[in-house]
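Inspection log for the structure reproduced underneath, given as structure tokens.
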Amino acid sequence: MLFGGAAAGLGAIAALGIESLTSTTAPAEAADQLHGNTVIPFYGPHQAGIATEPQAHATYISLALRENLDRAAVQRLLRLLTDDAARLTQGQAALADTEPELGAVPARLTVTFGFGPKLVELAGSSAAGIQPLPKFSIDRLQERWNDGDLLLHIASDDQLTVAHAQRMLLKDARRFASVKWVQPGFRRSRGSEASGTTMRNLFGQVDGTVNPSPQTADFNALVWNPDGSTTMVIRRIQMDVDTWDEVDRSGREFSVGRTLANGAPTTGSQEHDEPDFEATNALGFTVIPAHAHIRRARSENPSERIFRRGYNYDEQPTGTDISDSGLIFVSYQQSVAKQFVPLQQRLAELDALNQWTTPIGSAVFLIPPGCAEGGFVGETLFK
Ligand code: HEM
């Protein structure tokens, strides 16, 4: 990952002619404030946008391939989109970019491609590991949020950059595919909090504390397959913020087993304290109840773990509703069947959070390995 240093930041300020910033703010502070020119390398053994520290904005677009598209056409599509992504993520205009100025501020833009079963089979590979999930008892799935053939996951710290990249990619994709669904999501803006701060979801919870850390051996073993690929589960989970509001603070903390103030387990004081699942209160009940989300989400089998990297969504309420909010739950793991499914099955059977959360969309994608310059994402599938 490359971060624009102080010199690059100041250069960018000068290039943009923002003199008032340099005259009213100390130079070091000004350099910290501008990070639009920061780029994430596109080429490499893994696609970017997974081990990358999450950007503030992400849009997930699921495309349906046109009928009768042959293998050669799919390869052409992937070459085109790879080329667009390689340029845009480095702050360069895409080919035939009519608004190149919009691409000049990558702000850690990444474009990650995911393949649904149909695309994988068209390429000539087996889609056995990326079939739709089994139906869970809590699911209330709506077809308009399910599945797809090609996923574009576009993320940046700047929403305008995401919008431009989305448009450029869809311009090249439209001869081959149509949009099935689009899910825009967000976290806190870059610079609002120290980078590395665990995100908060729209229930106000610190969400993502217990998660494998990118670049560690643990993460690599749980997420990456030997060929550099991984799998992605994306679930649109509606969160009933209105009824959540009716529960008192201790009830809300009880349902997860962590405090709202800083995400510490209710048996500890700091976010990363280890929860004590055996601790009991004066009445003899466990402090973290049996149906608390963190107790149910933790398996005794350490290989049944996933890497969570979701985003909040907040759509416009209609009528007398005051919210249409939720979580774009996204997880990466080597194996959907061995890591994600047992975990989701346990949560579907019992989880206090189920009272306020409803999965309404679901999809599974293969995330092919990254590629080298001159290649295209997904090339290794075309045997
Ligand atoms: C932990 C919220 C859905 C898996 C947590 C935590 C919160 C949370 C607040 C505690 C902090 C942390 O470690 O991240 C939510 C909400 C959900 C949701 C609001 C739905 C809207 C899911 C789903 C899964 C999942 C669908 C997987 C199928 C986990 C795991 C942990 C966790 C593995 C860490 C458990 C541990 O401590 O070992 N979640 N979650 N969550 N959640 Fe969720």
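No experiment lies behind these values; they were computed from the predicted model shown.
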Item to check | With sequence neighbours excluded, residues passing salt bridge (charged side-chain N to carboxylate O under 4.0 Å, His left out) with Glu274 | outcome: Arg298
Next on the checklist: Show, in sequence, the C-alpha distance, side-chain angles and deciding distance for Lys180 and Asp149, and conclude whether the salt bridge (charged side-chain N to carboxylate O under 4.0 Å, His left out) test is met.
Outcome noted: CA-CA 9 Å; Lys180 183 163 193 318; Asp149 302 327; over 6 Å; no
Item to check | Criterion salt bridge (charged side-chain N to carboxylate O under 4.0 Å, His left out) on Asp157 and Arg108, from CA distance to verdict | outcome: CA-CA 6 Å; Asp157 290 321; Arg108 302 198 305 132; 2.7 Å; yes
Checklist entry - Of all residues at least two apart in sequence or in a different chain, which pass the ring pair (Phe, Tyr, Trp, His ring centres under 6.0 Å) check with Phe365? => result none
Next on the checklist: Just so I know, are the side chains of Ser62 and Leu150 near enough to count as touching, which here means a heavy-atom distance under 4.5 Å?
Outcome noted: no
Checklist entry - Below 4.5 Å, heavy atoms only, C-beta onward: do Val233 and Gln344 meet side chain to side chain? => result no
Checklist entry - Given side chains that start at C-beta, do those of Val330 and Met232 come closer than 4.5 Å, heavy atoms only? => result yes
Checklist entry - For the ring pair Phe186 and Tyr311, is the centre-to-centre distance below 6.0 Å? => result no
Checklist entry - Is Thr280 close to Phe285 at the side-chain level, that is, under 4.5 Å between some pair of heavy atoms? => result no
Checklist entry - Going by atom types alone, do Thr357 and Gln238 pair a side-chain donor with an acceptor below 3.5 Å? => result no
Checklist entry - If you take all heavy atoms of Val341 and Pro134, which pair is closest and at what distance? => result CG1-CG, 4.0 Å
Next on the checklist: I'd like to know if Val206 and Val210 are part of one continuous hydrophobic network [Ile/Leu/Val/Met/Phe/Trp/Tyr, side-chain heavy atoms within less than 4.5 Å].
Outcome noted: no
Next on the checklist: A side-chain contact here means heavy atoms from C-beta on lying under 4.5 Å apart; do Ser229 and Ile367 qualify?
Outcome noted: no
Item to check | Under 4.5 Å side-chain linkage, directly or through intermediates, the cluster mates of Leu160 | outcome: Leu102
Checklist entry - Checking side chain to side chain contact (heavy atoms under 4.5 Å, CB included) against Asp207, which of Arg187, Arg258, Arg308 comes through? => result Arg308
Checklist entry - With Trp181, which residues qualify under ring pair (Phe, Tyr, Trp, His ring centres under 6.0 Å), at least two apart? => result none
Checklist entry - Quick one: does Asp158's side chain get under 4.5 Å of His57's, heavy atoms only? => result no
Item to check | Non-neighbouring partners of His153 that pass ring pair (Phe, Tyr, Trp, His ring centres under 6.0 Å), sequence neighbours left out | outcome: Tyr60
Next on the checklist: Quick one about Ser325 and Asp314 (side-chain donor to acceptor, distance below 3.5 Å, no hydrogens or angles considered), yes or no?
Outcome noted: yes
Checklist outcome for this item: For Ile306 and Ser331, the nearest pair of non-hydrogen atoms, with its separation, is CD1-CB, 3.8 Å
Checklist entry - Phe136 vs Phe340 aromatic rings, parallel, tilted or perpendicular, using cut-offs 30° and 60°? => result perpendicular
Item to check | Contact list for residues 58-86, test salt bridge (Lys or Arg N to Asp or Glu O under 4.0 Å), sequence neighbours left out | outcome: Asp83-Arg87
Next on the checklist: Would a single hydrophobic cluster contain both Phe254 and Ile294, if residues Ile, Leu, Val, Met, Phe, Trp and Tyr are joined by side-chain heavy-atom contacts under 4.5 Å?
Outcome noted: no
